Number of protein chains: 2
Amino acid sequence: MGKLLKTNCFACRSRSDIFNTLNDDQLQRIDCEKVSIYYKPGEVIFKQGTPCHSLVCITSGLVKSYIEHENSNDLIFSLTRPSNYLLMPGAFVDQRHHYSAVAVEETTACLFNIDIIVELMKANVSFASEFLRKASLQTVNLFHKISGLTQKHIYGRMADTILYLASSVYNNKAFELTISRQELADLSGMTKESAIRVLKKFKDEEIISLNGNYLEILNQSMLESINKNG
Amino acid sequence: MGKLLKTNCFACRSRSDIFNTLNDDQLQRIDCEKVSIYYKPGEVIFKQGTPCHSLVCITSGLVKSYIEHENSNDLIFSLTRPSNYLLMPGAFVDQRHHYSAVAVEETTACLFNIDIIVELMKANVSFASEFLRKASLQTVNLFHKISGLTQKHIYGRMADTILYLASSVYNNKAFELTISRQELADLSGMTKESAIRVLKKFKDEEIISLNGNYLEILNQSMLESINKNG
DNA sequence: CAATTACATTGATTCAGATCAATGTAAAAC
DNA sequence: GTTTTACATTGATCTGAATCAATGTAATTG
């Protein structure tokens with residue numbers, strides 16, 4: 001599970017902006033300490049319920065973060081691209097992961113021991129407040145997710161997912177999906193069958209075009225309206 | 001909306017434990033700066049979408065925190081008792097409240113300007129890390145809430161709510177409800193009518209007793225089992 | 001290249017829980 | 001003490017989305 005890689009924090013193009021607050025000595029410290037790992041699609045980065053040791057920064061690829069349920073579908077609450085890291089609120093509560101993280105595409109990530117991160121937060125106030133800012137952003141996003149899941153119907157939820165993919169994951173109105181229909185469903189809090197039916201409806205109404213995994217938003221404003229009202 | 005009260009942080013019996021990390025000078029600072037307010041049941045403490053200026057510490061009473069939806073029911077994600085404060089992730093993101101807070105019982109609260117809180121976090125590492133710990137706990141609780149809302153049926157969700165009320169709100173297996181049936185429903189992510197029907201079923205099955213607003217848990221283990229599996 | 005395996009699609013059916021519609025109850029206001 | 005108003009309860013009906021059941025399609029494997 002994961003192949004070791006050689007990397008350098010100073011030259012890193014996928015460095016998370018929270019590390020910009022560190023001075024050279026501090027950056028040196030995490031550079032020495034870090035472990036860089038390669039994951040194949042489908043490989044587990046960490047699993048819900050397990051002890052939480054490391055801060056994970058994604059340096060290439062795509063990762064899904066999801067809440068696991070015993071006899072029910074997973075709920076993906078976030079897809080993470082390079083320069084972002086996987087937040088671990090459990091690190092400050094019960095030292096357990098409260099969700100699972102799995103590579104969706106080929107992924108590389110740097111792991112930093114959480115004790116060193118805590119140490120740096122104590123030594124560097126800007127680093128700590130940047131960290132709190134990111135943690136708060138995640139919480140705000142969770143409020144948004146709860147809101148969507150409880151208030152909206154499947155059409156609105158899928159519209160939200162498509163807009164999220166275009167704006168935050170593939171950064172384009174047209175993209176080749178690297179996630180499955182099941183994952184599209186898990187992102188939208190519905191079953192695979194419902195996801196397929198909703199996508200078909202959007203296609204029939206020429207809101208999107210979809211051929212295999214190639215998706216293009218044809219009517220953005222309609223999609224936004226469905227997201228808001230449906 | 002709210003009557004001014006005279007209080008003292010040093011002698012306060014309802015002081016949040018995050019303030020225990022402060023030295024006397026720092027405590028003096030927040031004591032001088034704070035504003036203490038009385039709220040009647042139903043009064044708004046802050047409203048979703050409005051600018052976020054203050055950290056709110058509850059010193060007596062009970063407060064509901066809920067996500068508002070335009071044409072749909074509210075979703076209460078937390079009830080807050082004294083010694084706890086209302087977290088405001090928006091303060092570090094977009095300076096907006098992402099949920100509303102309303103007094104359920106007669107409530108008093110102390111408001112601290114967020115700038116002073118941020119200043120103290122910079123001056124006092126323990127205070128900052130205690131703050132991050134509380135924020136992380138809230139996030140973990142939100143994961144739990146999402147999980148329950150998407151995975152469980154109404155019986156499991158109401159069982160969760162009753163157990164939450166007994167363990168974290170009224171601190172007793174038997175209690176006089178100070179929240180309405182609608183609020184019970186908003187806590188459990190269902191309609192008022194469904195909440196009433198579920199409560200009736202629990203009563204018929206002698207899992208709880210319920211007379212008016214007096215609720216008693218008769219079969220705790222059954223309730224836990226429904227919470228887990230239903 | 002046939003066979004296995006994983007993923008995608010479509011239709012038929014079911015059901016949990018919402019909505020709609022009264023009616024009951026009790027506290028507060030005049 | 002009657003009226004108003006808010007909250008609680010119950011039953012009937014409806015419906016969105018899940019589940020169940022095939023079948024289709026494409027990629028991988030021996």
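Per chain, numbering begins at 1; letters A, B, ... match sequence-line order. Since the model is a prediction, treat every value here as computed from it, not as a measurement.
Of the candidate nucleotides D/dA18, C/dA18, C/dT9, D/dA18 has the atom nearest to the side chain of A/Thr191. For B/Ile196, taking side-chain heavy atoms from C-beta onward, the closest of the listed nucleotides D/dT9, C/dA16, C/dT10 is D/dT9. Considering only side-chain atoms of A/Ile154, the nucleotide from D/dA17, C/dT10, D/dT10 that sits closest is D/dA17. Candidate nucleotides C/dT19, D/dA17, C/dG17 were compared by shortest atom distance to the side chain of B/Glu193, and C/dT19 ranks first. Nearest to the side-chain atoms of B/Lys200 among the listed nucleotides D/dT10, D/dC20, C/dG17 stands D/dT10. For A/Arg197, the listed nucleotide lying nearest its side chain is C/dG11; candidates were D/dA18, D/dA12, C/dG11.
With respect to the salt-bridge test (charged N to carboxylate O, under 4.0 angstrom), the residues B/Glu205 and B/Lys200 do not qualify. The existence of a salt bridge linking A/Arg197 and A/Asp204 is excluded, since no basic side-chain nitrogen approaches an acidic carboxylate oxygen closer than 4.0 Å. Under a 4.0 Å N-O distance rule, the pair B/Lys134/B/Asp17 qualifies as a salt bridge.
Rounded to an integer number of Å, the gap from CG of B/Asn73 to C1' of C/dT19 is 11 Å. Counting to the nearest Å, the C1' atom of C/dA26 and the OH atom of B/Tyr214 are 21 Å from each other. As rounded to whole Å, 10 Å separates atom P of C/dA27 from atom CG of B/Asn213. Atom CD1 of B/Ile179 is separated from atom C1' of D/dC7 by 14 Å (rounded to the nearest Å). Taking atom NZ of residue A/Lys201 and atom C1' of nucleotide D/dG16, one finds them 12 Å apart after rounding to whole Å. Atom CD in B/Gln151 sits about 17 Å away from atom P in C/dA16, given to the nearest Å. Going from atom CG of A/Asn211 over to atom P of D/dA26 covers 12 Å, rounded to whole Å. For B/Tyr155 and C/dA18, the OH to P distance is 11 Å, given to the nearest whole Å.
Put simply, the side chain of A/Arg181 and the base of C/dT10 share no donor and acceptor less than 3.5 Å apart.
Under 4.0 angstrom from either OP1 or OP2 of D/dA18 there lies at least one side-chain N or O belonging to A/Ser194. In terms of phosphate contacts, A/Lys192 brings no side-chain nitrogen or oxygen within less than 4.0 Å of OP1 or OP2 of C/dT9.
The aromatic rings of A/Phe77 and A/Tyr99 lie perpendicular to each other, with more than 60° between the two planes, well past the 30° mark. Note: B/Tyr170 and B/Phe175 have parallel aromatic rings, judged against thresholds of 30 and 60 degrees for the angle between ring planes.
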